[in-house]
There are 2 protein chains.
Amino acid sequence: MAKILIIEDEISISKMIAYDLRQFAHEVTIETDGLMGYKRAQNEPFDVILLDLMLPSMNGIDICKKLRAKDSSAYIIMLTAMDDELHKLEGFDVGADDYVTKPFSPRELAARIRAGLRRKTVKEEPNSMVYEDITLDLSSHEVYRGDQLVPLTLKEFELLEFLVKHKGQALSREQLLTKLWGYSYDGDTRVVDVHIFKLRDKLDPKQEFIKTVRGIGYKLL
Amino acid sequence: MAKILIIEDEISISKMIAYDLRQFAHEVTIETDGLMGYKRAQNEPFDVILLDLMLPSMNGIDICKKLRAKDSSAYIIMLTAMDDELHKLEGFDVGADDYVTKPFSPRELAARIRAGLRRKTVKEEPNSMVYEDITLDLSSHEVYRGDQLVPLTLKEFELLEFLVKHKGQALSREQLLTKLWGYSYDGDTRVVDVHIFKLRDKLDPKQEFIKTVRGIGYKLL
DNA sequence: CCTTTTTTTATGGAATTGTTAAGATTTTGT
DNA sequence: ACAAAATCTTAACAATTCCATAAAAAAAGG
């Protein structure tokens with residue numbers, strides 16, 4: 001489910017769209033004023049923004065331009081009235097990802113939003129990984145065991161990330177060294193053991209998840 | 001200090017808010033009933049009115065509409081439950097100046113009230129971001145820590161703005177340099193450290209908010 | 001029960017960040 | 001246009017954190 005912002009002054013339209021989107025468990029926010037909408041778009045991390053062209057206090061084109069000038073990562077869909085073809089063009093110049101002409105069917109809009117979301121998720125890397133009750137937040141570099149924040153050092157974090165990414169695989173010390181320490185690493189192969197120990201100490205004291213594969217290395221169940 | 005009216009039927013919430021606000025020497029009045037609250041709002045010159053949406057005998061939306069219709073000069077902040085996004089919309093149509101979704105932190109509410117009071121006296125368009133009790137006024141380029149104006153240089157301001165906009169994310173020095181200094185910047189990467197140091201010095205001497213992510217860069221909690 | 005491998009602990013040193021100050025650059029005031 | 005002031009950048013040193021190594025203790029395997 002995604003965070004979606006609708007900036008549209010015709011309340012009947014925005015309510016209809018919002019109703020449909022909420023059916024798909026999306027979190028929908030509506031703004032009727034251009035400037036207010038722009039401010040929210042700027043300050044909250046929306047996944048998709050539906051943007052009407054004609055708006056009070058600030059029009060859709062300017063909003064789109066400004067959002068792109070900053071580095072909003074939102075997928076922006078412009079809503080245009082049938083006849084302003086010219087504006088449609090500008091909409092694209094301006095950094096919109098897609099456009100829909102009014103009147104449109106809810107189905108079509110929903111499909112375009114889904115397409116946008118897919119594209120967005122493919123484009124961006126996943127920003128969190130979950131393993132059992134351990135959550136790795138890649139953007140904030142935080143790790144939680146349940147809802148307990150567990151401070152890890154960089155190497156510990158990278159090691160855990162690699163383990164989770166390859167869970168189930170037995171990973172040799174050499175593999176870990178070349179991937180996490182770099183291909184030209186020529187130090188002691190036992191470095192890995194020490195970091196595994198520290199990871200276990202912080203996250204898995206009972207060695208429930210991080211198993212040692214004798215003669216090889218380690219693996220995450 | 002200001003006269004503040006809280007219209008909220010959940011006594012635990014209103015008492016908590018009132019307690020916090022009185023710490024700042026504000027004069028706080030509480031009403032639990034919609035109609036009663038409306039009457040007081042009409043008859044006394046409050047600077048700020050905190051208005052719950054769902055209230056007995058008269059809801060927040062109607063109160064707000066009627067007060068605006070009379071042209072009460074109060075700065076009205078709507079308190080909305082997380083999920084009634086639709087009501088939030090109506091709240092704006094209706095002339096509220098700001099809104100806060102429950103649950104909210106006392107700090108954030110206090111900051112928004114201060115922002116409202118400032119705006120009320122200076123009468124300028126607010127284009128502001130609020131983080132904890134730090135308010136960033138983007139149009140005047142002013143930053144407040146609580147009530148206190150904190151003079152920042154341009155780079156410090158931009159840095160803070162970027163941190164707030166990406167709060168929670170660990171931001172690398174390279175990211176900050178390319179976004180804030182420009183894509184072609186080729187100087188020392190430690191410039192960032194110095195500016196972080198100065199920002200902390202002015203806004204966060206105890207390093208409560210601006211955390212360093214060793215091996216990466218910095219992040220705002 | 002002896003050997004091999006892994007776990008655990010301790011420590012010096014390397015790398016990263018904090019802090020300060022001085023020089024360079026830009027902005028402001030006159 | 002010039003001088004003064006403010007801000008930014010760089011460099012150097014201090015403080016801190018983290019990592020790699022070594023080496024002892026424990027466990028596994030035969």
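Naming: A, B, ... by sequence-line order, numbering from 1 per chain. Note that the structure is a prediction, hence the values are computed from the model and not measured.
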To the nearest angstrom, the CZ-C1' distance between B/F157 and D/dT7 comes to 16 Å
Per atom distances to the A/R173 side chain, the nearest of C/dT6, C/dT7, C/dT20 is C/dT6
Contacts of A/F197 and B/G217 projected onto DNA chain C by closest heavy atom; the upstream (5') one is A/F197
Taken in chain and number order and not counting sequence neighbours, the residues that satisfy side-chain hydrogen bond (donor to acceptor under 3.5 Å, both in side chains) with B/D201 are none
Review point. How would you label the contact of B/V213 with the nucleic acid (heavy atoms, under 4.0 Å): base, sugar-phosphate, or nothing?
Key: sugar-phosphate
note: B/K155, atom NZ; D/dC8, atom P; distance rounded to Å ~ 6 Å
Regarding the side chain of A/V191, the nearest nucleotide among D/dA20, D/dA11, D/dC19 is D/dA20
Requested in this report: Check the angle between the aromatic planes of B/Y131 and B/F209 and answer parallel, tilted or perpendicular using the 30° and 60° thresholds.
Outcome: perpendicular
Would you say A/T153 reaches D/dC19's phosphate, i.e. side-chain N/O to OP1/OP2 under 4.0 Å?
-> yes
Original post:
With distance as the sole test, does B/H26 use its side chain to make a donor-acceptor pair with the main-chain N or O of B/A2 at under 3.5 Å?
Top reply: yes
Atom CD1 of A/I196 and atom C1' of C/dT9 are separated, to the nearest Å, by 17 Å
Per atom distances to the B/K198 side chain, the nearest of C/dT17, D/dT9, D/dA20 is D/dT9
The nucleotide from C/dT6, D/dC18, C/dG18 with an atom nearest the side chain of B/R214 is D/dC18
Please report whether the ring centroid of B/F46 lies less than 6.0 Å from that of B/Y75. no
Atom CG of B/L180 and atom C1' of D/dT7 are separated, to the nearest Å, by 15 Å
From the candidates C/dG18, D/dC8, D/dC19, the one with an atom nearest any side-chain atom of B/D193 is C/dG18
Assess, by modelled atom type and distance only, whether the side chains of A/D9 and A/T32 contain a donor and an acceptor separated by less than 3.5 Å. no
**OP:** Please determine, by modelled atom types, if B/S140 and B/E142 share a side-chain donor-acceptor pair under 3.5 angstrom.
**Re:** yes
Rounded to whole Å, the CG-C1' distance (A/D188 to C/dA14) equals 16 Å
Picking from D/dC8, C/dT7, D/dA20, the nucleotide nearest the side-chain atoms of B/L154 would be D/dC8
Separation of D/dA20 atom C1' from A/L159 atom CG, nearest Å, is 15 Å
*Counting just side-chain N and O atoms, does B/W181 come under 4.0 Å of either OP1 or OP2 of D/dT9?*
yes
Any salt bridge between A/E156 and A/K198, counting N to O under 4.0 Å? no
Taken to the nearest whole Å, NE2/B/H195 to C1'/D/dT10 is 11 Å
In whole angstroms, the gap separating P of D/dC19 from CZ of A/R190 amounts to 18 Å
Sorted by number, residues from residues 199-211 of chain B placing a heavy atom under 4.0 Å from DNA chain C are B/R200
Check your understanding: C/dG18 phosphate, OP1 or OP2: any side-chain N/O from B/Y218 under 4.0 angstrom?
Key -> yes
Between B/H195 and B/W181, what is the ring plane arrangement, given parallel below 30°, perpendicular above 60°, and tilted in between? perpendicular
